[in-house]
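What follows is a single structure, written as structure tokens, with notes after it.
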Amino acid sequence: SGCLSPFDVRFCVILLKYTLLNRRFPESLALICFCFCSLDSVLALIAFICIETIMECSPCEGLYFFEFVSCSALVVTGVLLLMFSLNLHTRIPQINWNLTDLVNTGLSTFFFFIASVVLAALNHKTGAEIAAVIFGFLAMAVYAVNTYLAIKKWRMNSRQQNSRQTSDYIRARTESREVDHRPEIQRLDGKEEVLNSLME
């Protein structure tokens, strides 16, 4: 099914705790991000369904804003989740996907917080509005965790790229020095041969 079961959520939490305690981000960070990205999509979908069941509102600005935030987060996160799960992002290397994921999770956290606070202040105590507020704050919390993981992932990849560039630079400098010294060695060898022939 498209929704995460309680076992899946518990597995994500246990995996996150194990990773944070053992600091083994390279091995399990991708799986953790996938779990929380899936959970983000599920919570955004539930929040959007709750807000859509409200038939009457006055004023409606808070409801419309919450509807826009939940729908936008659901669509953008769903697209990124699909691309990461099918490895479609590897076909477009021009885009920094780690930074894109970080921006998405950060903005979703901020706007879910604003939308949930506004809806909580303007709601009429109906069941659908209360449920939408609850799932809005839950989505905000999960997006906040995902933002932290995205920052870790982005920093790790940046370090790897910097170390790769540094090693390539050192290798290029070493090769250029070897090429520069080869003519001098050849000239010295030639001079030694000339001196040996004269001495003979």
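Computed from a prediction, not measured in an experiment: that's the story for all the values here. Along the sequence shown, residues carry numbers from 1.
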* Output yes when a side-chain donor or acceptor of Ser72 lies under 3.5 Å from a complementary backbone atom of Val69, and no otherwise. => no
* **Closest non-hydrogen atom pair between Ala132 and Leu119, with its separation** => CB-CD2, 3.9 Å
* Approximate separation, where rounding is to 0.5 Å, of Trp154 CH2 and Leu149 CG -> 15.5 Å
* Gap separating the OG1 atom of Thr109 from the CD1 atom of Ile114, nearest 0.5 angstrom -> 11.5 Å
* **Approximate separation, where rounding is to 0.5 Å, of Lys152 NZ and Thr147 OG1** => 14.0 Å
* Asked: Is Lys153 positioned over the aromatic face of Phe84, cation under 6.0 angstrom from the ring centre and no more than 45 degrees off axis?
  -> yes
* **Euclidean distance, Met140 CE relative to Leu43 CG, rounded to 0.5 Å** => 11.5 Å
* To do: Could you verify whether a donor N or O on one side chain and an acceptor N or O on the other, from Tyr143 and Thr77, lie under 3.5 Å apart?
  => yes
* Say you draw a straight line from CG of Leu102 to CZ of Arg155; how long is it, rounded to the nearest 0.5 Å? -> 9.5 Å
* Asked: How long is the gap from SG on Cys71 to CD on Glu52, to the nearest 0.5 Å?
  -> 8.0 Å
* To do: I would like to know whether Phe111 and Phe65 meet side chain to side chain contact (heavy atoms under 4.5 Å, CB included); could you show each step before the answer?
  => CA-CA 9 Å; Phe111 283 112; Phe65 181 63; 4.0 Å; yes
* Stepwise, does the side chain to side chain contact (heavy atoms under 4.5 Å, CB included) test hold for Thr126 with Ile130? -> CA-CA 6 Å; Thr126 63; Ile130 295 174; over 6 Å; no
* **Exceeds 12 heavy-atom contacts within 6.0 angstrom, atom CZ of Phe113** => no
* To do: Of all the heavy-atom pairs spanning Asp101 and Ala150, show the shortest one and how long it is.
  => OD2-CB, 4.1 Å
